[in-house]
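Naming: A, B, ... by sequence-line order, numbering from 1 per chain.
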Amino acid sequence: MKSLLKSLVEIPAPPGHEKELRDFVREEIETMADEIRVDSMGNLIVRKGEVREGGKRIMIASHLDEIGLIATHIDKRGFIRFTNMGGVYPSYLLGGRVRFLDGTRGVIDVEGSGKRKKVPGLDKMYIDIGAENENQCSIDIGDVAVFDRPWLDLGKRVVSKALDDRVGVAVMVETLRKVHQSPKRTPHESWFVFSNQEEVGLRGAGPAAYQLEPDIGLAIDVTRTGDTPQGVKMDVSLGEGPAIKIRDKGMLSHPEVVDWMIDVARKHKISCQREVLERGTTDAASIQLTRGGVPSGCLSIPCRYVHSPSEMVDWDDVQQAAILLEKLLFEPFLGS
Amino acid sequence: MDSMEMNDLLLDLLHVPGLSGREDPVLRYLQEIWEPMVDELRVSPLGSLEGVVRGNAPQPRPKILFAAHMDAIGLMVTGYQGDFLRVTSVGGVDPRVLPGGIVTVHGEEDLPGVIDQLPKALLPDSAPKDSVEFKYLIVDLGLKEAELKDMVQIGDLVSFQQPPLMMGDNLIAGPALDNRASVAAITIMLTSLQTRDPAWDVWVVATSQEEENMSGALTSAYTLQPDLAVAVDVTFASAPGTPDHKSYPMGEEIPLGWGPSVHPGLYRAFEEAAEEEDISVNREPLPMRSGTDADVLQISAAGVPTMVLSIPLRYMHTPVEMVHKEDIRAVAKLSQALIDRLDANFLSTLEWEE
């Protein structure tokens, strides 16, 4: 799964530009799917299994897109002004490098370079791709870029851009593989949705849920941690196992979904953390609101430095998350 | 419903817990109360209670939906700090009123706790001295850390331990009057509906999760697809220091919501019904969103003409919210009056004309 994750993070996919990554994932899973399609939003939707005794129709979503930048103006000297696609923190940009979808690389700096003490807003920043002037600049207004930072394997922990939410994508691909290879069949009809445009307002998952009308919704996404120096007060740490979301800023998880996840984790001796996240949300929040309402929850992978070019996850957490998701799909849902 | 029965209803509604997302206890209570009064009763996937009194008009019979959210604000455990608990809010709790408060922590069993804050002298210099943020509040259960971790888990809920108070003949105080006062109003309306023969189907919905993201009302409206919707909720009552243009006297007039989230034709229908029934009303400007279930009811499916009825309430989002019982009755009476005026032609006369 590690080499899969490395391949996933290296494909750029800012919101609305998920095609290359979607094609890669499709190639990876095509043979394991009972049904596969891409909807009008660009969500990649895969069915595995059908509802049997004690089973439900479950939608599982991880998002393909990552936060990115979009060029808004090219000045006469070839400097590129830009704005954010999704939650980009100015402090994570300074001195950083970005890559446009055509492969053009550039560095980010700020007006009054070298003089500033405080981190300014994005409107004071620019991307320098080394162009000599406007005419030499290969980038057009509307071209999009992502962080350019190499994958770093620290052994137990891995660091990369876009682990939010490629780690969820990897967990789902791995789980689909295990379900496919298993001699047993799951009781559930599982719909694996690789969603689009999560970072700009959870926009892909809702329409997917509308099409699929699931009984239960589950997002697989990263969550923050409170285990760094002077970090936020939050009782989720790297390496203590995947987290089961009780709530975040956008959603109260359904109690029966939470109980199902906790019970299955306990039964299979997978250690988990209980997550109360006070900022941010996931695709589960938009699945929950679909049609007449979908009881929803989220399986989270603890992640440090979310939305930075160097997000960090614990490899055991990632593997345990994949095991828990697999077990969930083989266990009946005892809620109503 | 006589005044003794109404007192009992209110006291019961204030005693049963039901914080946002965990409305089960109040849901079960209402199921029992509403069951004999409705033709059909069901629970939505997100935990709203939906009941209907069928009308006598021929099919396709129009439907009106009355929504009052049953969820209450409270606290949620976010972590441990030695022998203490850290908490955050469920819904918009006002942290200024929390220190010194008594709470019930819904752990392995219900446990009493007190909320305290660090002494002023121990707060960091950067902390504001005049109001206390959540990060400086702790809940003390008098237990040692190991015991605490045994009994309480992250994500467990904490509710205000404040028994309801009957004050004088007319006022009642307690936590969760936002919005159990309105749940009481639509319940009283249901009792009066028993002796009527409405033309329309009347849906009453005790919605879930209003205080978080209004997901209960949004999803019930999608399922039920009403032709008209009315959100019953609380608004700011006058009290010393409240500006007159943002607060409403208790026990005198029912504030009728007026603004983009209210359909002007439906507003006028309520105004006329009030005049004919001699119910005092005034106008409550809602310049942006109403901050009630109306905001999501209105834009459900193809759009729904929507109205907001308010019960004035003092000390909003504190454990000692206070309302006037006459206001609850008046809202129930006005709702019934509107239902009485719904006939087969009502919708065809409804126009968005300010």
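- Of the candidates B:Val87, B:Asp156, B:Thr88, B:Thr88 is the only one forming a side-chain contact (heavy atoms from CB on, under 4.5 Å) with A:Val276.
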In residues 73-81 of chain B, what donor-acceptor pairs under 3.5 Å come from side-chain atoms, sequence neighbours left out?
unit_1: B:Thr78; atom_1: OG1; unit_2: B:Arg86; atom_2: O; d: 3.3
unit_1: B:Tyr80; atom_1: OH; unit_2: B:Val152; atom_2: O; d: 2.4

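- The part of A:Val294 that comes within reach of chain B is its backbone (N, CA, C, O), which places non-hydrogen atoms under 4.5 angstrom from that chain.
- Taken to the nearest 0.5 Å, the CD1 atom of A:Ile246 stands 7.0 Å off from the CZ atom of B:Arg22.
- Using a 4.5 Å cut-off between heavy atoms, A:Arg247 touches chain B through its side chain atoms alone.
- Contact between B:Thr219 and A:Gln288 at its shortest, heavy atoms only, is CG2-O, 4.1 Å.
- Within 6.0 Å of CD on A:Glu35 lie more than 12 heavy atoms contributed by other residues, nucleotides or ligands.
- Within a 6.0 Å radius of CZ in B:Arg54, other residues, nucleotides and ligands contribute more than 12 heavy atoms.
- Summarising the local packing, NZ of A:Lys156 is surrounded by more than 12 heavy atoms from other residues, nucleotides or ligands at distances under 6.0 Å.
- Nearest approach of B:Pro45 to A:Gly292, heavy atoms of both residues: CD-O, 3.5 Å.
- Interatomic distance, CD1 of B:Ile154 versus CE of A:Met234, reported as 9.0 Å (0.5 Å rounding).
- With a 4.5 angstrom heavy-atom cutoff, B:Ser89 touches chain A only via backbone atoms.
- Using a 4.5 Å cut-off between heavy atoms, B:Ser48 does not touch chain A at all.
- Taking chain A as the reference chain and counting heavy-atom pairs below 4.5 Å, the highest number among B:Gly47, B:Ser20, B:Ser220 is found for B:Ser20.
- The nearest pair of heavy atoms linking B:Lys135 to A:Lys233 is O-NZ, 3.5 Å.
- Atoms CG and OH, on A:Leu289 and B:Tyr222 in that order, are 13.0 Å from each other to the nearest 0.5 Å.
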